[in-house]
Amino acid sequence: MPELCATEGLTDIQRDILAAVRVFVDEQILPVATELEHADEYPAEIVEQMKKLGIFGLTIPEEFGGLGESLLTYALVVEEISRGWMSVSGIINTHFIVAYLLLQHGTEEQKRRYLPRMATGDLRGAFSMSEPELGSDVSAIKTSATPRDGGYRISGQKMWVTNGGSANLVAVLVRTPEGSDKPHRNLTTFLVEKEPGFGEVAQGITIPGKIEKMGYKGVDTTELLFDGHEISADRILGGVPGRGFYQMMDGVEVGRVNVAARAVGVATRAFELGISYAQQRRTFGKKIADHQAILFRLAEMGTKVEAAHQMVVRAARIKDAGNRNDLEAGMAKYLASEYCRDVVEESFRIHGGYGFAKEFEIERLYREAPMLLIGEGTADIQRMIIGRRLLEDYALPG
Ligand SMILES: Cc1cc2nc3c(=O)[nH]c(=O)nc-3n(C[C@H](O)[C@H](O)[C@H](O)COP(=O)(O)OP(=O)(O)OC[C@H]3O[C@@H](n4cnc5c(N)ncnc54)[C@H](O)[C@@H]3O)c2cc1C
């Protein structure tokens, strides 16, 4: 929809990338998305095409074989891809976060070891903080790494690892004995290598299988079980234990821009479907778009899509300029995911009974939108971040 979600001030390269991705989405994702989603089938061919388009290396610097593009370019690409099928954006999101973590916090050796293969998509990233008993409260992590023979042994249970089956490099946050007793100071990120697939995928690592989900199908989300996995100390992200919490929070901050961008993509598609259907369906002698109730719905949907897009762009540009963007990323994620749920709901209503039929795309979007209210920090957690930052900025003197 060129009329909505325009972005001022893009470079020619950014415009070319977005145009190519839009064609890819229209020709190769949209026609197969709903069928693959209903079958919960991994989109292997789409992934191969994304490798050729360079999407896995979009933000990886050219010296490591990537395209060296900004967070803004990435976010706009994610909007386009999610307009086609949100699960495909899930396949690149954890990969993008791991590449970001390596770039920002990795040692030179770690960057050289992983980034060139990540840029081609041969090495695929996942990240793992959540456990069965915690998601929001990251400081309560129980999975631990115990020093042994100059390295570590990891034991514990991780949960909700997106791309847990298909990835071969997982950034895992665990507890280590070094550092102070404060939970935020004794968490460490390990770069864990494993084979793709399920079952025993490395010494002391098992991926039991896919978690069955209500939506966001096609992409695998798994448990990750560690039972004495031996890992050398040079696989600690950045080489120093105890920095994991801050590294992961930095990664999640860019992840929030990504989830907000996904929400814009899904909402855009719901809007497109709704406005198209409203001009075709007739009741009481006229198109339903000519009933004011439907017209107002369309107006509200378009306004929400546009507002969410502008917040994504602003949050990405602040980060690209080298500034802290936790407030703007939190606001964008919070607002875009809530708006996405609203827009999808309104589009569903516009479809009448057909919205309930699996044959209609809106049925899939209806099951996808709720995930955005949860992933990369729930709406409540975003409101906590936003509220605390506002109190900092607006603190009364004295
Ligand atoms: C499909 C899917 C994919 C995922 N992928 C990944 C992944 O790749 N890697 C990963 O590490 N995790 C992943 N997650 C986990 C996700 O990040 C967590 O589910 C999320 O952070 C919420 O944690 P929780 O489920 O433990 O809920 P809880 O933290 O138990 O929260 C339960 C409820 O309490 C509320 N709540 C919690 N604390 C507070 C508070 N202080 N104040 C007010 N309300 C509060 C929450 O908002 C929520 O409504 C994924 C989850 C899903 C569903």
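One-based numbering, in listed order, for ligands and for the atoms of each.
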Atom indices of ligand 1 within 4.0 angstrom of Met129 heavy atoms, with elements
10 (C), 11 (O)
With rounding to the nearest 0.5 Å, note down the distance linking CZ in Arg262 to CD in Glu368.
10.0 Å
Separation between NZ (Lys51) and CZ (Arg124), nearest 0.5 Å, reads 6.0 Å
Anything under 30° is parallel, anything over 60° is perpendicular, the rest tilted; go ahead and classify Phe245 against His184.
parallel
What residue and atom, counting heavy atoms only, is the protein's closest point to atom 52 (C) of ligand 1, and at what distance?
Trp160 CE3, 3.6 Å
If you look only at pairs with a residue in residues 65-98, which of them pass as a ring-ring contact (aromatic ring centres under 6.0 Å, His included), with sequence neighbours excluded?
Phe56-His95, Tyr74-Phe96
One finds that the ligand 1 atoms under 4.0 Å from a non-hydrogen atom of Thr378 are 22 (C), 46 (C), 47 (O)
Enclosure of Glu195 CD (heavy-atom neighbours >12, cutoff 6.0 Å)
no
side-chain hydrogen bond (donor to acceptor under 3.5 Å, both in side chains) test vs Arg297 passes for just one of His291, Gln292, Glu346, namely Glu346
What protein heavy atom lies closest to atom 37 (C) of ligand 1? Include the residue and the distance to one decimal.
Ser136 OG, 3.7 Å
Residue, atom name and distance, where the atom is the protein heavy atom closest to atom 19 (O) of ligand 1
Ile374 CG2, 3.7 Å
Would one find an N or O of Tyr216, backbone or side chain, under 3.5 Å from an N or O of ligand 1?
no
Under the 4.0 Å line, does any protein heavy atom show up next to atom 23 (O) of ligand 1?
yes
Is_contact(atom 28 (P) of ligand 1), protein non-hydrogen, under 4.0 Å:
yes
Do Thr73 and Gln14 have side-chain N/O donor and acceptor atoms under 3.5 Å apart?
yes
Per-atom contacts of ligand 1 with Asp380, taking only distances under 4.0 Å to non-hydrogen atoms
35 (C), 43 (C), 44 (N), 46 (C), 47 (O), 49 (O)
Would you say Thr94 has any N or O atom under 3.5 Å from an N or O of ligand 1, going by distance alone?
no
Asp393 with Arg389: basic N within carboxylate O range, under 4.0 Å
yes
For atom 39 (C) of ligand 1, the closest protein heavy atom turns out to be Ile381 CD1, 4.1 Å
Ranking Gly215, Ser130, Ala140, Gly135 by closest non-hydrogen atom to atom 26 (O) of ligand 1, top hit is Gly135
Is at least one protein non-hydrogen atom found at under 4.0 angstrom from atom 12 (N) of ligand 1?
yes
Closest to atom 2 (C) of ligand 1 by heavy-atom distance, out of Met248, Glu131, Met371, is Met371
Proximity winner for atom 3 (C) of ligand 1, if only heavy atoms of Val161, Val138, Thr162 are counted:
Thr162
Report the distance from atom CG of Leu365 to atom CZ of Phe271, rounding to the nearest 0.5 Å.
14.0 Å
Measure Asn163 to ligand 1 on non-hydrogen atoms and call it side chain, backbone, both or neither using the 4.0 Å cut-off.
neither
Pairwise ring-ring contact (aromatic ring centres under 6.0 Å, His included) hits with a residue in residues 298-336, at least two apart
none
Thr222 versus Asp220, side-chain donor and acceptor atoms under 3.5 Å:
no
Please indicate, with yes or no, if any protein heavy atom is found under 4.0 Å from atom 33 (C) of ligand 1?
no
When you check the side-chain N and O atoms of Asp234 and Gln110, is any donor under 3.5 Å from an acceptor?
no
Look at atom 42 (N) of ligand 1 and say which protein heavy atom is nearest, naming residue and atom and giving the distance to 0.1 Å.
Met384 SD, 3.6 Å
Students should be able to answer this: which protein heavy-atom is nearest to atom 9 (N) of ligand 1, and at what distance?
Phe127 O, 3.0 Å
